[in-house]
Number of protein chains: 2
Amino acid sequence: MKVLVVDDDRVLADLVVFTLRRVGFEAIVADDATSALLRWAEDKPDLIVLDVNLPGKPGLQDGFAICKRIRSESDIPIILLTVRDDEEDIVTGLEIGADDYVLKPFSPRQLVARIHAVLRRAGTAGPTQPAKMSVEGLEFNPKLREVHLKNGTMRSLTALESVLLEVLMLNRGQVLTFDDLISDVWGPGGGSPEMLRQLVRRLRSKIELDPGNPYYIHNLQGIGYAFLLNR
Amino acid sequence: MKVLVVDDDRVLADLVVFTLRRVGFEAIVADDATSALLRWAEDKPDLIVLDVNLPGKPGLQDGFAICKRIRSESDIPIILLTVRDDEEDIVTGLEIGADDYVLKPFSPRQLVARIHAVLRRAGTAGPTQPAKMSVEGLEFNPKLREVHLKNGTMRSLTALESVLLEVLMLNRGQVLTFDDLISDVWGPGGGSPEMLRQLVRRLRSKIELDPGNPYYIHNLQGIGYAFLLNR
DNA sequence: TAGAGCTGTGACAATCTTGTGACAATGAAA
DNA sequence: TTTCATTGTCACAAGATTGTCACAGCTCTA
């Protein structure tokens with residue numbers, strides 16, 4: 001997941017880029033309109049974080065101009081960075097197509113959270129989902145979010161249960177650490193071991209014929225979980 | 001893969017070194033600016049873990065000063081250890097060229113993960129665990145913490161049993177003293193002969209076909225244990 | 001051969017990890 | 001606005017792991 005950060009404030013841009021990379025995003029920087037458009041065209045980012053105030057001609061080379069230009073050709077998610085209390089800017093930005101805005105000053109964590117929210121709303125396309133996945137009498141349809149069990153029953157899964165099951169089935173026979181699973185399900189920087197435990201329990205209650213003696217999802221104490229270890 | 005750990009907190013440095021060695025890194029220590037620069041020049045480490053607060057003149061002999069000095073001559077990956085999640089400190093560190101930072105207090109596992117992340121970004125890979133270890137009909141998978149015996153059975157090991165078996169198998173044919181084993185398994189200052197005895201017993205009960213007449217783990221009275229001594 | 005010291009053992013205590021049931025919070029849909 | 005589904009959070013139970021203890025049996029030395 002690649003993010004283009006457009007800001008002429010070097011220190012701030014560095015901090016944002018560092019934070020984004022730290023939680024797993026690719027991040028690239030542009031510091032004016034020209035290089036922003038060039039980066040957008042060549043690096044094909046998945047989201048743009050765009051400062052409103054940029055060097056160059058106001059109205060022609062500021063953040064709004066870039067946003068407008070990109071919107072004429074693309075639906076890419078755009079988050080505007082603007083100065084506190086400038087509500088007129090906010091309205092203008094949303095009108096020309098920005099998806100969200102963040103007020104300066106802000107903390108990088110706040111920005112990361114906002115990026116996640118925008119990406120969720122945009123429903124970003126991940127790798128092509130397989131139509132169905134079948135293993136050991138368990139048939140899972142990610143699109144419909146339902147599983148058919150060995151005994152013929154069908155269970156519907158929630159969104160998070162689906163994500164977890166897909167991650168586990170795609171990596172069956174391997175041990176996935178708690179951190180790996182948490183990152184894969186909730187995204188960089190999200191989730192917690194407690195949340196994962198609960199999700200595993202909920203998923204087990206739907207797919208295991210005997211949840212007290214799980215057949216599919218195995219725990220390795222202190223390490224993580226595995227789906228159908230070879231045994 | 002050699003890591004230079006720069007920290008005047010001896011206990012912490014020992015713990016970090018122990019942890020790094022446990023997962024396959026070489027680790028060396030310096031406890032002030034002078035020896036840090038000397039170690040860097042002479043031992044040519046591949047990465048530096050650098051505490052921000054060091055004894056000596058602030059601004060001239062602290063972690064930032066060392067980082068700045070090294071950056072003027074090298075791109076070596078540098079991870080700063082700091083107690084303050086203060087953005088100012090973080091920005092300062094990044095500005096002078098640090099690649100990442102870890103907040104104290106931290107768990108050794110967290111630091112190792114951060115080191116791997118920085119090395120990945122730097123394009124170098126840290127040491128990986130051997131997939132499997134096989135000796136005389138005993139097959140051990142450290143990742144899954146399981147052994148397959150000569151008679152086909154599979155046994156799961158606990159975390160400490162795994163560590164002990166790996167140490168023993170990596171040094172097979174050699175005698176390891178009680179102190180060596182205790183230090184390797186529990187780390188500096190931890191463990192005891194009593195605990196080691198119990199652990200050896202538990203491990204033997206899982207891997208020996210005849211625990212009363214052990215084939216793999218031999219005791220040398222008053223000295224230590226060995227794995228598969230040639231007799 | 002006897003005794004001291006060492007190693008192995010079974011069992012229990014302490015601690016940690018995982019699983020569980022239930023409730024709170026949130027957001028979407030009716 | 002209300003209701004419901006989903007997800008997050010909490011407190012505690014259950015199970016696993018590790019530490020500790022006391023003693024039996026073995027080995028080595030005088």
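Excluded from the calculations below are hydrogen atoms, water molecules and symmetry mates; all remaining heavy atoms, backbone and side chain alike, are included. From a predicted model like this one, the values you see are computed outputs, not experimental measurements. Chain naming here is simple, since letters A, B, ... match the order of the sequence lines and numbering starts at 1 in each.
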Original post:
Can you tell if the side chain of B:Tyr225 reaches within under 4.5 Å of the side chain of B:Asn219, non-hydrogen atoms only?
Top reply: yes
**OP:** Let me know, please, whether B:Glu194 or A:Thr158 comes out on the 5' side of the other along DNA chain D by nearest nucleotide.
**Re:** A:Thr158
Original post:
If only side-chain N and O atoms of A:Tyr225 are considered, is one of them under 4.0 Å from the OP1 or OP2 phosphate oxygen of C:dT17?
Top reply: no
**OP:** Measure from CG on B:Asn219 to C1' on C:dC6 and round the result to the nearest Å.
**Re:** 8 Å
Original post:
How close or far is atom C1' of C:dT18 from atom CD of A:Gln198, stated in whole angstroms?
Top reply: 11 Å
Original post:
In whole Å, what is the span from the CD atom of A:Gln221 to the P atom of C:dT15?
Top reply: 17 Å
Subject >> Atom-to-atom span, NE2 of B:His218 to P of C:dT7 - whole angstrom >> reply: 16 Å
Original post:
Roughly how many Å is it from CG in B:Leu199 to P in C:dG8, rounded to a whole number?
Top reply: 12 Å
**OP:** Find out whether A:Asp51 and A:Asp9 are in side-chain contact, i.e. whether some heavy atom of one side chain is under 4.5 Å from a heavy atom of the other.
**Re:** no
Original post:
If we only count heavy atoms from C-beta on, is the B:Phe140 to B:Ser134 side-chain gap below 4.5 Å?
Top reply: no
Original post:
How close or far is atom P of C:dT18 from atom CG of A:Leu181, stated in whole angstroms?
Top reply: 12 Å
Subject >> Donor + acceptor pair across side chains of B:Asp180, B:Ser183 (<3.5 Å) >> reply: no
Subject >> Position toward the 5' end of DNA chain C (nearest nucleotide), A:Arg204 or B:Arg204 >> reply: B:Arg204
Original post:
What integer distance in Å separates B:Glu208:CD from C:dT7:C1'?
Top reply: 15 Å
Subject >> Residues B:Glu161, B:Lys206: salt bridge by 4.0 Å N-O rule >> reply: yes
**OP:** Can you check whether any acceptor in the base of C:dG8 is under 3.5 Å from a donor in the side chain of B:Arg201, or vice versa?
**Re:** no
Original post:
Please give, in whole Å, the distance from C:dT9 P to B:Leu203 CG?
Top reply: 13 Å
Original post:
Do B:Pro45 and B:Val3 have side-chain heavy atoms sitting under 4.5 Å apart?
Top reply: no
Original post:
Between which nucleotides of DNA chain D, 5' to 3', does chain B make heavy-atom contacts below 4.0 Å?
Top reply: D:dT17 to D:dT27
**OP:** For the residue pair A:Asp179 and A:Thr177, confirm or rule out a side-chain donor-acceptor distance under 3.5 Å.
**Re:** no
